[in-house]
Structures are given as C-alpha cells and as structure tokens.
Amino acid sequence: MKKALVCGAGGFIGGHLVNRLKSEGYWVRGVDIKHNEYKNGNADEFIIGDLTDPLVCKQVLEGGFDEVYQLAADMGGAGYIFTGENDAAVMHNSVLCNVNMLHESQKAGVKKIFYSSSACMYPEYNQNEPENPKCSEESAYPAAPDSEYGWEKLFSERLYLTYQRNLGIQVKIARFHNIFGPQGTWKGGREKAPAAICRKVIEAEDGGSIQIWGDGKQTRSFLFIDECIEGVRRLMESDFSGPVNIGSEEMISINDFARMIIGISGKNVSINNIPGPQGVRGRNSDNALIQEKLGWAPSLPLKDGIAKTYNWIAQQAAKEVELV
Ligand code: NAD
C-alpha cells in the first residue's frame, strides 16, 4: 500500500486531496495547524503540527512516505493577500513550511514531493488588460508578481527545482488558478471571490444588492475542486515536473460571474461596485502545456461547479441561522 503525507490537510484543497488518495487505496497521514473546518478528509492519521518548525516536519515524516503533498501556506482571498497587512506573516510562514518540509522530505528519502504554487506568481505587467491576460508558463520571467504571496510562491518553486537538480528528489509543481468548491472557506475574511459572492447573494434580500470590489470588469477564471485534484494526481503520476498551470480557460468578468451566481439563486439582486482590493485586471489559465504534457486539461463548465458550491454554502448558512 502506498503512503502519502498531505501537508495542509486541514485546508480546503488538502481535505479533498486526502479523500481522493484514500479512494485510490493510499494510507494517508494529514498534518495541519488546525483541524478541517468542515470535517472534510478521512485521513488514517491526522497530526496537529506547525510546519514552520523543522522538528515537527521531521516528526510528521516518521514511518516513511512514498509521496508528500505540500499544500500548507498562510493564505486567503484578496482581503487577506492584497491589503498588505499580512505580508510578513505570508512570507515568513509559507517560506518556512516549504524550506523545512522539502529539506526534511529529502533527508527522509521521500521519492516525490508535490508543491502547490499559484497563478499569483505571474507578472503583473502581463495582466493589465482584462480581455487579454497572458499566463503561459514561460511568461513567468522577468518576474513581477503583484503581491508578496506571489513572490513567495515563485521563490519556493525555484527552491523545489534546486532540490530536484542537486539532491535528486522528484518534484511536481502546479500553479493553481482560483480553485473553488464545497468545503471551502466561505466567511471570516479568508474566503475567495466565488465563495464570497455566493455568500453575499445568499444573504441579500430579494430586490436588494450585493457589493463587488472594483469596477467588476476585472476578469478571472475559476476551477472546480474535483478537476484541480484530478490535475494534481495526473501530474504526480506523469514524468513531467512542471511548473504547470492547473486552471480553467473559461475567463469571465467579476460582474458577469456575480450575475451567473445571482441567476443560480433565482433572486432579484443588483450589483453595487465599490472600491476594494482586487489584484490584477485580468487573469486566465493557459492550458496548452498541461494538454501537451498530460494529454488532459480541465473541461467542466464554470456554471456546473458554481451551482454545486452555491447549494453547499446555502446549506451552511441555513445551519447557522438554525443555531442562532
Ligand atoms: P487553505 O488555507 O484552505 O489551506 C492551507 C492550509 O495550510 C490551512 O489549513 C492552514 O491551516 C495550513 N497551514 C498554514 N500554515 C501552516 C503551518 N505553519 N503548519 C501547518 N499547516 C499550516 O488553502 P487552500 O485553498 O486549500 O490552498 C492550498 C494550497 O494551494 C496553498 O499552498 C495555496 O497557496 C495554494 N493555492 C490555492 C489556490 C486556491 O484558489 N485555493 C490558488 C492558488 C494556490
């Protein structure tokens, strides 16, 4: 039986990844500084531990692992990443998780390690036009991410690649583009646009309005969680290291995205664009490389994934109302 260690298993993507690995017959240990908020993830063992501490990284690797998935990071949506207020924590905590987990994994004889980078590492100068962003993998340099979060991701990508070149551990690097789905954070300040907009629409009165940060013309693409996990597993099983985009090519403006969610709700809700943190003007995945290297690319329509997510958040919100 193969053994996998999932770092960040208390988080959104980590919880789903644990379930997928279990369904494939892996023995799985999860580690995180917190339990999964929505009790998602059926790991055989779950350890609460802080991966900024090298001793903890060494301990969680005890027993030996075939594969390590390093998803632990200090992160959140635009309200967390782009205000600048959390930059020191983002840089310090995430870089230490990566330095320590990679170093200890290599020392422990792990064969393969996965690292979750982000589309936030792409240069800002290629994402100034909402209609025409460029996010092909080779466009990463000259580097100019628009956030410290993006700079940390870019540094860590390079760190992983040095360990592969100099020390022989196989690395697999994916650049995720806006992953969303059920069991993701939907309130509290760290939620990202899809969950935040769903929540706002759910909370809005019929005939009322929701606030959207920016002029709403900024564009993004969003990838449903199941396709993200599929991409991770395919990358891990391939002979390609990446970095490679794991994202959707279905680009949409934020206001159109909000209209899509309002349509799913069946409510009569209008959009009120207000100033707020919003990141780059345009971003879209470029899937030419993943298609070429893995013979696969995400294809689920955005509307299908967001309908499932809307229904899940509506259920969560209803439970909270019952509790009050
Ligand atoms: P998440 O915040 O839900 O999960 C990250 C987990 O890491 C959290 O549970 C957190 O508690 C844990 N963590 C943070 N510091 C830790 C520490 N010191 N020790 C142990 N655990 C620690 O985020 P997610 O959406 O599941 O993202 C997973 C990974 O994918 C992250 O590396 C993130 O940067 C990357 N990513 C996500 C997206 C997205 O849209 N969700 C996009 C690009 C990249």
Side-chain angles (χ1 to χ4, degrees), residues 5-19 29-41 43 46-57 59-60 68-78 80-81 86 89-101 104 113-122 135 145 147-157 160 173-186 188-196 220-225 227-229 231-232 243-248 279 283 285 305 309:
L5 177 66
V6 178
C7 307
F12 165 51
I13 302 174
H16 284 276
L17 179 61
V18 166
N19 294 339
R29 178 182 291 162
V31 57
D32 203 296
I33 39 173
K34 63 167 178 67
H35 284 286
N36 191 284
E37 238 176 303
Y38 308 107
K39 299 189 173 56
N40 190 29
F46 192 94
I47 297 177
I48 294 289
D50 184 345
L51 300 174
T52 62
D53 180 344
L55 200 63
V56 171
C57 295
Q59 284 164 352
V60 298
V68 170
Y69 294 81
Q70 201 324 68
L71 291 98
D74 194 351
M75 63 102 62
Y80 190 75
I81 298 291
N86 307 297
V90 165
M91 292 287 249
H92 175 269
N93 297 339
S94 299
V95 89
L96 283 183
C97 290
N98 285 314
V99 167
N100 293 332
M101 266 321 296
E104 294 302 331
I113 184 163
F114 171 85
Y115 172 55
S116 52
S117 182
S118 164
C120 289
M121 45 60 62
Y122 282 113
C135 293
S147 64
E148 301 301 350
Y149 171 75
W151 278 106
E152 190 281 325
K153 289 292 187 192
L154 194 58
F155 166 78
S156 291
E157 284 188 3
Y160 280 83
I173 302 171
R175 294 174 178 162
F176 291 159
H177 291 242
N178 291 317
I179 315 302
F180 73 96
Q183 277 97 24
T185 303
W186 59 280
R190 285 189 185 232
E191 63 277 18
K192 300 187 202 76
R220 292 293 185 276
S221 70
F222 301 94
L223 183 69
F224 191 59
I225 182 68
E227 296 214 294
C228 167
I229 301 293
V232 171
V244 66
N245 290 329
I246 295 189
S248 162
R283 176 170 292 155
S285 187
T309 308

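Please read these numbers as outputs of a predicted model, since none were measured by experiment. Start at 1 and go down the list; that is how both ligands and their atoms are numbered.
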Backbone N or O of N178 within a donor-acceptor pair of the K192 side chain at under 3.5 Å?
-> no
Sequence neighbours excluded, the answer for ring-ring contact (aromatic ring centres under 6.0 Å, His included) partners of H177 is none
Review item, side-chain donor-acceptor pairs of residues 113-121, under 3.5 Å, at least two apart:
from	atom 1	to	atom 2	distance (Å)
S116	OG	Q70	O	3.4
S117	OG	E157	OE2	2.7
S118	OG	C120	N	2.9

For Y80, does its backbone N or O pair with a side-chain atom of N86 as donor and acceptor, under 3.5 Å?
-> yes
To the nearest 0.5 angstrom, please state how far the CG atom of N100 sits from the OG1 atom of T52.
-> 7.0 Å
Only counting residues at least two apart or in another chain, list the ones meeting ring-ring contact (aromatic ring centres under 6.0 Å, His included) with H35.
-> F46
Name the residues with a heavy atom less than 4.0 Å from ligand 1?
-> G8, G10, G11, F12, I13, D32, I33, K34, G49, D50, L51, T52, L71, A72, A73, M75, C97, S116, S117, S118, Y149, K153, F176, N178, I179, K192
